[in-house]
Structure formats: C-alpha cells, structure tokens
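The next block holds one structure in the form of structure tokens; read it before the comments.
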Amino acid sequence: MLVLLLTACAGKGDISVDEVSKALQKQGLDVEEMTLDAAKKLSTSPAIAINGKDPVPFELSLPAADMAYREFLLLYVFASEEERIRIEKEDGTPAPIKIGELHANVIKKKNLIAVYWSHNKDNPLLMKQVEKAMDKL
C-alpha cells in the first residue's frame, strides 16, 4: 500500500505535452505537433536529445498573421521535476543545439524544459504567448 501511495504522489503536479499544447492554444497560437524526424532535419546539430531524452516538437504560428519565418517549440518532458534537475546537472540544457538561424529561448517549469526557437534574437515574436502559457501551467 505504501508503494501505491508513493507512486501516486510521484507524478503529482507534473505537466503533460497535452496540457502545454492546450495552454499555447489558449494564448491564441496555432500549435502543430511535428514528427521527431522533421525536427531532426531542421537541426544543424548532430542530435537534439538531452541525455537521451528526445523532445516533442511543435511548430507555432499566429492564426491571422503572415509569418515570414517558421518558429518552433521543442518540449522535453521528464518523469518528474527532480529528474529534470538531475539531467540538467549531468547534461545541461539544449544550448549547443542549433536550428538554422533560429535562436533558443529556454523555459524551465516543473518536469519540463521548453525551448522556443525564434528567428528574432532580441524580440522573439511569440515569446509573450509562450511565457503566458507556461505560467498558466
């Protein structure tokens, strides 16, 4: 019975991919999940995994906007916040990853590392919406 109780508490408060997707949509973004192969093809780095953990990739856009450049979110979901922190200490965040001429904006929350890739380094187009979505989780 103790094992069941500990197992039930271990995942409490963790954030799922579906929750992130819905939170982004509530901020007015179009969210399209991509295949891992498509995300790997965008990368100019040999790998996009963090310590063997592949991301769930999304393409983000504004519904009524004619966006000149594609923007992406790589979402790394760990079993718990403790695992995320341990992995970060071992492997770091995905800063060495490169996706073309895009710039990484890293947001960490609970069991997630979200990397929003924007064309504009100084004023990321969708950063406010991504931050608001993550704050709501």
Side-chain angles (χ1 to χ4, degrees):
M1 185 151 169
L2 180 60
V3 172
L4 288 174
L5 180 61
L6 291 174
T7 304
C9 292
K12 189 174 183 180
D14 291 339
I15 304 168
S16 71
V17 171
D18 191 47
E19 289 172 312
V20 173
S21 178
K22 286 177 182 176
L24 291 166
Q25 290 170 9
K26 285 182 181 177
Q27 293 304 314
L29 297 176
D30 279 341
V31 181
E32 183 180 332
E33 189 169 342
M34 302 169 54
T35 65
L36 188 56
D37 285 340
K40 287 179 180 178
K41 287 178 185 173
L42 293 171
S43 175
T44 52
S45 300
I48 61 173
I50 297 175
N51 201 353
K53 172 72 78 181
D54 284 321
V56 176
F58 294 99
E59 184 168 352
L60 304 177
S61 63
L62 291 168
D66 183 19
M67 294 179 59
Y69 301 98
R70 297 171 69 195
E71 307 227 338
F72 305 95
L73 183 76
L74 298 183
L75 190 61
Y76 297 85
V77 182
F78 298 93
S80 65
E81 184 173 10
E82 292 77 20
E83 180 189 17
R84 175 189 58 85
I85 291 167
R86 181 182 55 77
I87 296 295
E88 285 180 288
K89 287 179 182 175
E90 292 174 9
D91 202 35
T93 56
I97 296 170
K98 298 286 183 217
I99 295 183
E101 298 296 318
L102 300 179
H103 304 279
N105 301 277
V106 178
I107 301 170
K108 302 170 191 176
K109 179 131 184 190
K110 297 183 181 180
N111 61 313
L112 301 176
I113 297 176
V115 186
Y116 163 51
W117 292 90
S118 174
H119 180 73
N120 190 322
K121 180 179 182 178
D122 299 321
N123 188 20
L125 180 64
L126 307 175
M127 193 67 197
K128 287 180 185 176
Q129 292 94 331
V130 172
E131 286 178 333
K132 281 184 182 180
M134 296 301 287
D135 286 345
K136 301 257 183 206
L137 297 173

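What you are looking at is a predicted structure, and each value in this text was computed from that prediction instead of being measured. Counting begins at 1 with the first residue of the sequence.
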**Study point:** CA sep, side-chain torsions, deciding dist, call: N120, Y69, side chain to side chain contact (heavy atoms under 4.5 Å, CB included)
**Key:** CA-CA 9 Å; N120 190 322; Y69 301 98; over 6 Å; no

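- One distance of note links CZ of R86 with CG of N51; it measures 7.0 Å at 0.5 Å rounding.
- Counting only residues at least two apart or in different chains, salt bridge (charged side-chain N to carboxylate O under 4.0 Å, His left out) contacts with residues 110-127 are absent.
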Side-chain donor-acceptor contacts of residues 28-38 below 3.5 Å, not counting sequence neighbours, with atom names and distances?
residue : atom : partner : partner atom : Å
T35     : OG1  : A38     : N            : 3.0

For residues 129-137, tabulate all N or O donor-acceptor pairs below 3.5 Å that involve a side-chain atom, not counting sequence neighbours.
none

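- Here the shortest heavy-atom pairing between P124 and S118 reads CA-OG, 3.3 Å.
- Formation of a donor-acceptor pair under 3.5 Å by the S16 side chain with backbone atoms of E19 is found in this model.
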Exercise for review: Verify side chain to side chain contact (heavy atoms under 4.5 Å, CB included) between K109 and V20, making sure each step is shown before the conclusion.
Suggested key: CA-CA 11 Å; K109 179 131 184 190; V20 173; over 6 Å; no

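- Heavy atoms only, all atoms of each residue included: A39 and L74 are closest at CB-CD2, 4.4 Å.
- L102 pairs by the side chain to side chain contact (heavy atoms under 4.5 Å, CB included) definition with F72, I99, W117, H119, not counting sequence neighbours.
- Rounded to the nearest 0.5 Å, atoms CG (L126) and OH (Y116) are 3.5 Å apart.
- For the salt bridge (charged side-chain N to carboxylate O under 4.0 Å, His left out) condition, the pairs that include at least one residue of residues 53-64, sequence neighbours left out, are E59-R70.
- A 4.5 Å side-chain heavy-atom check between Y76 and V115 finds at least one atom pair inside the cut-off.
- Under a hydrophobic-cluster definition in which Ile, Leu, Val, Met, Phe, Trp and Tyr are linked whenever side-chain heavy atoms come within less than 4.5 Å, directly or via other members, I50 and I85 are assigned to different clusters.
- Remark: R84 CZ to L112 CG distance equals 8.0 Å, nearest 0.5 Å.
- To the nearest 0.5 Å, the span separating CG on L60 from CD on Q25 amounts to 10.5 Å.
- Annotation: the span from I107 atom CD1 to I113 atom CD1 amounts to 11.5 Å, rounded to 0.5 Å.
- In this structure a side-chain-to-backbone donor-acceptor pair under 3.5 Å is missing from N111 to V77.
- Scored by the ring-ring contact (aromatic ring centres under 6.0 Å, His included) test, H103 finds no partners at all (sequence neighbours excluded).
- One distance of note links CE of M127 with CG of N105; it measures 4.5 Å at 0.5 Å rounding.
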